[in-house]
S.K.: 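Dropping a structure here in C-alpha cells format, bear with me for questions.
The figures here come from the full heavy-atom set of this structure, side chains too, leaving out hydrogens, waters and symmetry mates.
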Amino acid sequence: MKTNSQFSFILLGLILFIFISVNSFSQINWEKYEGNPVMEGLNGTWFQHVIPMDILYEDEQFKMWFTGFDGVDNQVGYADSEDGLLWNMLPDPVIPSGQPGEWDRLKSPTTMIRINDTLRMWYHGSTDGNSNFAIGYGWSVNEHEWNFHPDPVLDIGAGNAWDNSLVYYPSVYFDGTLY
C-alpha cells in the first residue's frame, strides 16, 4: 500500500515536471516576422522616426500609440490594425509637442489601460528629451483627444538622489482596485 502511494506521488511529480518544462519552453520560441518593419518613419515628416510605445487590443482591433520623432521634437501618433501587421496611421499627431518650458513638452506614452469608458495613459515627459524625465498621466474617451494632469504623478528626485535626472518608461497594472 505504501509503495503504491509513493509510486503515484513520483508519477505525479514526473507529469508535473514534463508539463511545466514543455509549457515553459514553448513560451520562449519566438519567430521574427519576415515582413518587418510593420511601420516605418517617413523622412521630412513629424514621424521621421517611429518608436512604438503601447498597444491595446480591444473590439477586435489593435490600437497603437507611438512616438514620432523628426530629429527635434517628438509627438504622439495613433494607428490601428486588424492584424497587427498592416497599420492605418492618422496623418497628424494626436498629442503634439507642448510649449517650451513645460515639464512634459515632449511626451512618450508607455502604458494604456481602458477602465470603463475612459482610456488612461501613463507617459514619460521631458522639457528637452535629454534629461529631467518624469511620469505623467492623461485620459481620453476617444483615443484622439487627451486631457493631462498638470503635474508629474511621479517626479524626479531632489539633489543627489539616485533618481534626480530621470524617472521614465512607467508600466502600470490595474487589478480592479489598485494601480
Side-chain angles (χ1 to χ4, degrees), residues 36-59 61-81 84 86-179:
N36 282 334
V38 295
M39 183 184 287
E40 289 187 87
L42 184 60
N43 284 335
T45 67
W46 67 270
F47 60 95
Q48 185 169 325
H49 304 281
V50 175
I51 307 163
M53 289 298 181
D54 201 13
I55 297 175
L56 282 182
Y57 183 76
E58 58 183 16
D59 304 325
Q61 194 172 47
F62 294 94
K63 300 175 179 182
M64 178 183 4
W65 291 264
F66 63 91
T67 299
F69 182 66
D70 65 5
V72 177
D73 283 333
N74 68 324
Q75 302 181 77
V76 178
Y78 174 80
D80 55 36
S81 171
L86 300 172
W87 291 90
N88 304 305
M89 183 188 314
L90 291 180
D92 297 314
V94 294
I95 303 172
S97 294
Q99 299 300 315
E102 292 178 332
W103 76 268
D104 62 348
R105 184 176 84 80
L106 305 175
K107 297 174 180 70
S108 293
T110 54
T111 300
M112 298 286 188
I113 301 172
R114 186 175 305 275
I115 300 173
N116 300 321
D117 292 334
T118 304
L119 189 59
R120 300 169 190 275
M121 171 180 61
W122 287 266
Y123 64 94
H124 58 262
S126 172
T127 56
D128 61 8
N130 294 317
S131 61
N132 298 324
F133 286 93
I135 297 173
Y137 169 74
W139 64 96
S140 173
V141 293
N142 65 9
E143 288 101 16
H144 310 111
E145 297 172 19
W146 289 89
N147 302 289
F148 295 98
H149 190 276
D151 300 312
V153 294
L154 185 58
D155 208 346
I156 59 174
N160 291 327
W162 65 272
D163 60 350
N164 69 349
S165 68
L166 56 92
V167 180
Y168 65 162
Y169 288 100
S171 181
V172 178
Y173 171 76
F174 182 64
D175 70 3
T177 304
L178 293 175
Y179 292 91

S.K.: Determine whether a donor-acceptor pair (N or O, by modelled atom type, separation under 3.5 Å) exists between the side chain of Asp175 and the backbone of Leu178.
M.R.: yes
S.K.: Could you report the tightest heavy-atom contact between Leu90 and Trp46, atom names first, then the distance?
M.R.: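 Closest approach of Leu90 to Trp46: O-CZ2, 4.3 Å.
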S.K.: Would you give the length of the straight line joining atom CG of Asp54 to atom NZ of Lys63, rounded to the nearest 0.5 angstrom?
M.R.: 13.0 Å
S.K.: Parallel, tilted or perpendicular: which describes the rings of His124 and Phe133, with under 30° parallel and over 60° perpendicular?
M.R.: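 Taking Phe133 first and then His124, their aromatic rings stand perpendicular (interplane angle over 60°).
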S.K.: Supply the atom-to-atom distance Tyr179 OH to Arg120 CZ, rounded to the nearest 0.5 angstrom.
M.R.: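 One finds 4.0 Å between OH of Tyr179 and CZ of Arg120.
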S.K.: Count the heavy atoms of every other residue, nucleotide or ligand shown that sit under 6.0 Å from OH of Tyr168, and state whether that count exceeds 12.
M.R.: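 Not buried by this count: 12 neighbours or fewer within 6.0 Å.
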S.K.: Can a donor-acceptor pair be found, under 3.5 Å and without considering hydrogens, that links the side chain of Ser97 to the backbone of Leu106?
M.R.: no
S.K.: Report the distance from atom CG of Asp59 to atom CZ of Arg114, rounding to the nearest 0.5 Å.
M.R.: 7.5 Å
S.K.: Please determine whether the number of non-hydrogen atoms from other residues, nucleotides or ligands lying under 6.0 Å from atom CG of Asp128 exceeds 12.
M.R.: yes
S.K.: Do Tyr78 and Asp80 touch side chain to side chain, with heavy atoms closer than 4.5 Å?
M.R.: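 Yes; the side chains approach each other to less than 4.5 Å.
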S.K.: Would you name the heavy atoms of Lys107 and Val76 that are closest together and state the gap between them?
M.R.: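 Heavy-atom minimum between the residues: O-CG2, 3.5 Å.
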S.K.: Judged by atom type as modelled, is there a donor-acceptor pair below 3.5 Å linking the side chain of Trp103 to the main-chain atoms of Pro150?
M.R.: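 Yes, Trp103 side chain to Pro150 backbone: donor-acceptor pair under 3.5 Å.
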S.K.: Walk me through whether Thr45 and Asn43 qualify under side chain to side chain contact (heavy atoms under 4.5 Å, CB included).
M.R.: CA-CA 6 Å; Thr45 67; Asn43 284 335; over 6 Å; no
S.K.: Measuring centre to centre across the rings, with the benzene-like ring taken for any Trp, is His149 within less than 6.0 Å of Tyr137?
M.R.: no
S.K.: To the nearest 0.5 Å, how far apart are CG in Leu86 and CE in Met39?
M.R.: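 Nearest 0.5 Å value for the CG-CE distance: 10.5 Å.
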S.K.: Could you pull out the closest heavy-atom pair between Pro109 and Thr67, with the gap in Å?
M.R.: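 It is CD-OG1, 3.8 Å.
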S.K.: If you look at every heavy atom in Met89 and Ala79, which pair is closest and at what distance?
M.R.: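 Shortest heavy-atom separation between Met89 and Ala79 comes out as CA-CB, 3.8 Å.
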S.K.: Distance check, rounded to the nearest 0.5 Å: Phe47 atom CZ versus Phe69 atom CZ?
M.R.: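 With rounding to 0.5 Å, CZ (Phe47) is 15.0 Å from CZ (Phe69).
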S.K.: Please round to the nearest 0.5 Å and tell me the distance separating atom OG of Ser126 and atom CZ of Arg105.
M.R.: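 Interatomic distance, Ser126 OG to Arg105 CZ, rounded to 0.5 Å: 8.5 Å.
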S.K.: Grab the two heavy atoms, one from Gln48 and one from Asp70, that are nearest each other, plus how far apart they are.
M.R.: OE1-O, 3.6 Å
S.K.: Is there a donor-acceptor pair closer than 3.5 Å between any side-chain N or O of Thr110 and the backbone N or O of Pro170?
M.R.: yes
S.K.: With Tyr173, which residues qualify under ring pair (Phe, Tyr, Trp, His ring centres under 6.0 Å), at least two apart?
M.R.: none
S.K.: Could you tell me which non-hydrogen atom of Asn132 sits nearest to which non-hydrogen atom of Ile156, and how far apart they are?
M.R.: OD1-CD1, 3.5 Å
S.K.: Begin from the C-alpha positions of Phe148 and Ile95 and carry the test side chain to side chain contact (heavy atoms under 4.5 Å, CB included) through to its verdict.
M.R.: CA-CA 10 Å; Phe148 295 98; Ile95 303 172; 3.7 Å; yes
S.K.: Is there side-chain contact between Asn74 and Ile51, with heavy atoms separated by less than 4.5 Å?
M.R.: no
S.K.: Determine whether a donor-acceptor pair (N or O, by modelled atom type, separation under 3.5 Å) exists between the side chain of His144 and the backbone of Val94.
M.R.: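 No, because the side chain of His144 does not come within donor-acceptor range (under 3.5 Å) of the backbone of Val94.
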S.K.: With no hydrogens and no angle check, is any side-chain donor or acceptor of Asp155 less than 3.5 Å from a backbone partner on Ala134?
M.R.: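 Side chain of Asp155 to backbone of Ala134: no pair is present.
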S.K.: Any luck finding a side-chain donor-acceptor pair between Thr118 and Asn116 under 3.5 Å?
M.R.: no
S.K.: Counting distance only, does the side-chain N/O of Trp65 pair as donor-acceptor with the main-chain N or O of Ser108 below 3.5 Å?
M.R.: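 Checked: no pair found.
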S.K.: What I'd like to find out is whether the side chain of Val50 reaches to under 4.5 Å of the side chain of Trp87, using heavy atoms alone.
M.R.: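 No, too far: nothing below the 4.5 Å cut-off.
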